[in-house]
> 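First the structure, then my questions, so here it is.
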Amino acid sequence: MKFKIVTWNVNSIKTRVDQLIGFIKVHNPDIICLQELKCEEKSFPLDFLSHLPYNFYIHGQKTYNGVAILSKFPADEIKVDFLNNPLPDQARFIEICFSNFLGLCRIVCLYAPNGGEVGGDKFRTKLEFYDQFISYVSSLISYDEKLFICSDFNIAPFDIDVHNPEMLKADTCFTYTEKAKMRTLLNLGLVDNFRITHQAKKEFSWWDYRAGAFEQNKGMRIDSIISTTNSIRFLEDCFIDYKMRTLEKPSDHAPVVAIYA
DNA sequence: ATGGTCGGAACCCGA
């Protein structure tokens, strides 16, 4: 038995629907967490996707944000927000749980705020968002289930996760303060699936559209699947499918895939 | 090099 989870910031699901279908044909994941749908649930392109063997759990929003979980397993429970979220009107969170051969599984799909200018209002809200999210996750950790958080965290955790740590240390997504939030989250008892399977690999999941960043591989690893330690003995591999970033009209993010067996 | 390029919406905003 295999269990395959994907997280992908699509930067508009309507624009990326053909790429998503192609990706599903190649990888056939059990769970697909999508971020930045940029559409409401009623305009989610189900016409093109509903023939696929998934249950669709969508928390949409017009123009901005929007998250979804495509799951081969029907959900026993669905949540579209977490306690004390400082941005409750922004569709950045959806969570489901179900059972499979691993036991009880809980999947959190998160689109963390970007943060804007370091030190600005949006930056402070990002830190507050993390504080409340960490508090929420700490309440889930004690559950006797496997927890998978699939996210565009908008934080690159360590020096190895950015192309130039010295140049970026004062920039949003790589400040000391943001990295500290990421460590606090991981220290609750979660493992970064990519980093534990590839300890020395300098690979990225996001590259700016501007200034030929992808061509020069000037990116950041800000998208991850992190899971509770009880799932790690089943983890076979975790990789970033950067080929998706080479396609015509790509998302600025590449999908991250984790395989459990 | 403080620019550059996308997507969705309305001709700007967020990333």
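By convention in this document, chain letters (A, B, ...) are assigned in the order of the sequence lines, proteins followed by strands, and residues within each chain are numbered from 1. Quick note: numbers below take in every heavy atom, side chains included, and nothing from hydrogens, waters or symmetry partners. Source: prediction; values computed, not measured.
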> Pick the C1' atom in B:dC11 and in B:dG7, then give their distance to the nearest Å.
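My reading of the C1' atoms in B:dC11 and B:dG7 gives 14 Å.
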> Side chains of A:Asn11 and A:Tyr209: do they bring a donor and an acceptor to under 3.5 Å?
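Side-chain D/A pair, A:Asn11 to A:Tyr209: present.
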> Mind checking the P distance from B:dT5 to B:dA10? Whole angstroms is fine.
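Here B:dT5 and B:dA10 have their P atoms 24 Å from each other.
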> Please give the distance between the P atoms of B:dC12 and B:dT2 as a whole number of Å.
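Roughly 23 Å separates the two P atoms.
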> Taking only residues two or more places apart in sequence or in another chain, which ones pass ring pair (Phe, Tyr, Trp, His ring centres under 6.0 Å) with A:Phe148?
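Counting only residues at least two positions away or on another chain, A:Phe148 forms a ring pair (Phe, Tyr, Trp, His ring centres under 6.0 Å) with A:Phe3, A:Tyr260.
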> A:Lys14 has an atom NZ; how far is it from atom P of B:dG7, in whole Å?
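Answer to the nearest Å: 14 Å.
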> A:Lys218 NZ to B:dG4 P: how many Å, rounded?
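One finds 15 Å between P of B:dG4 and NZ of A:Lys218, rounded.
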> Applying salt bridge (Lys or Arg N to Asp or Glu O under 4.0 Å), can you list everything that pairs with A:Glu178, at least two apart in sequence or on another chain?
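Partners of A:Glu178 under the salt bridge (Lys or Arg N to Asp or Glu O under 4.0 Å) test: A:Lys126.
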> When the P atoms of B:dA9 and B:dA15 are compared, how many Å lie between them, rounded to an integer?
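Taking atom P in both B:dA15 and B:dA9, they lie 15 Å apart.
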> Distances for protein N/O vs nucleotides 13-15 of chain B N/O pairs under 3.5 angstrom?
from: B:dG14; atom 1: O5'; to: A:Lys122; atom 2: NZ; distance (Å): 3.4

> Looking only at atom P, what distance separates B:dC6 and B:dA1, rounded to whole Å?
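The answer is 24 Å between these two P atoms.
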> In chain order, what residues pass the ring pair (Phe, Tyr, Trp, His ring centres under 6.0 Å) check against A:Phe153, with sequence neighbours excluded?
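Checked A:Phe153 against ring pair (Phe, Tyr, Trp, His ring centres under 6.0 Å); zero matches.
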> Could you state the CG-C1' distance from A:Asp18 to B:dG7, rounded to the nearest angstrom?
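Going from A:Asp18 (CG) to B:dG7 (C1'), I get 16 Å.
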> List for me each residue that meets side-chain contact (heavy atoms from CB on, under 4.5 Å) alongside A:His163, sequence neighbours excluded, and say none if there are none.
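So A:His163 forms a side-chain contact (heavy atoms from CB on, under 4.5 Å) with A:Met167, A:Leu168, A:Phe204, A:Lys218.
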> Which ones in residues 161-180 of chain A lie close to DNA chain B, meaning a heavy atom under 4.0 Å from one of its atoms?
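The stretch gives none, as no residue of it lies under 4.0 Å from the strand.
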> Nearest heavy atom decides the nucleotide; on that basis, is A:Arg16 or A:Ala211 closer to the 5' end of DNA chain B?
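Looking at the nearest nucleotide for each, A:Ala211 comes out on the 5' side.
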> Salt bridge check, A:Arg221 against A:Asp192: does any charged N sit closer than 4.0 Å to a carboxylate O?
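Looking at A:Arg221 together with A:Asp192, the answer is yes, because their closest N to O distance falls below 4.0 Å.
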> Send over the distance from A:Glu248 CD to B:dG7 P, rounded to a whole Å.
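Rounded to the whole Å, the gap is 11 Å.
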> For A:Leu104, what are the other residues in its hydrophobic cluster, where any two members join if their side-chain heavy atoms are less than 4.5 angstrom apart?
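The other cluster members (ILVMFWY side chains, heavy atoms under 4.5 Å, direct or chained): none.
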> Within this structure, what is the CD-to-P distance between A:Gln61 and B:dA9, rounded to whole angstrom?
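To the nearest whole Å, that distance equals 11 Å.
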> Mind listing the side-chain donor-acceptor pairs of residues 131-138 of chain A below 3.5 Å, one per line with the distance, residues two or more places apart or on another chain?
from: A:Asp131; atom 1: OD1; to: A:Lys181; atom 2: NZ; distance (Å): 2.7
from: A:Gln132; atom 1: NE2; to: A:Glu128; atom 2: OE2; distance (Å): 3.1
from: A:Tyr136; atom 1: OH; to: A:Lys79; atom 2: NZ; distance (Å): 3.0
from: A:Tyr136; atom 1: OH; to: A:Glu95; atom 2: OE1; distance (Å): 2.4
from: A:Tyr136; atom 1: OH; to: A:Glu95; atom 2: OE2; distance (Å): 3.4
from: A:Ser138; atom 1: OG; to: A:Ser135; atom 2: O; distance (Å): 2.6

> Identify every side-chain donor-acceptor pair in residues 25-34 of chain A under 3.5 Å, counting partners at least two apart or on other chains, and give the distances.
from: A:His27; atom 1: NE2; to: A:Asp241; atom 2: OD2; distance (Å): 3.2
from: A:Asn28; atom 1: OD1; to: A:Lys72; atom 2: NZ; distance (Å): 2.5
from: A:Asp30; atom 1: OD2; to: A:Lys4; atom 2: N; distance (Å): 2.8

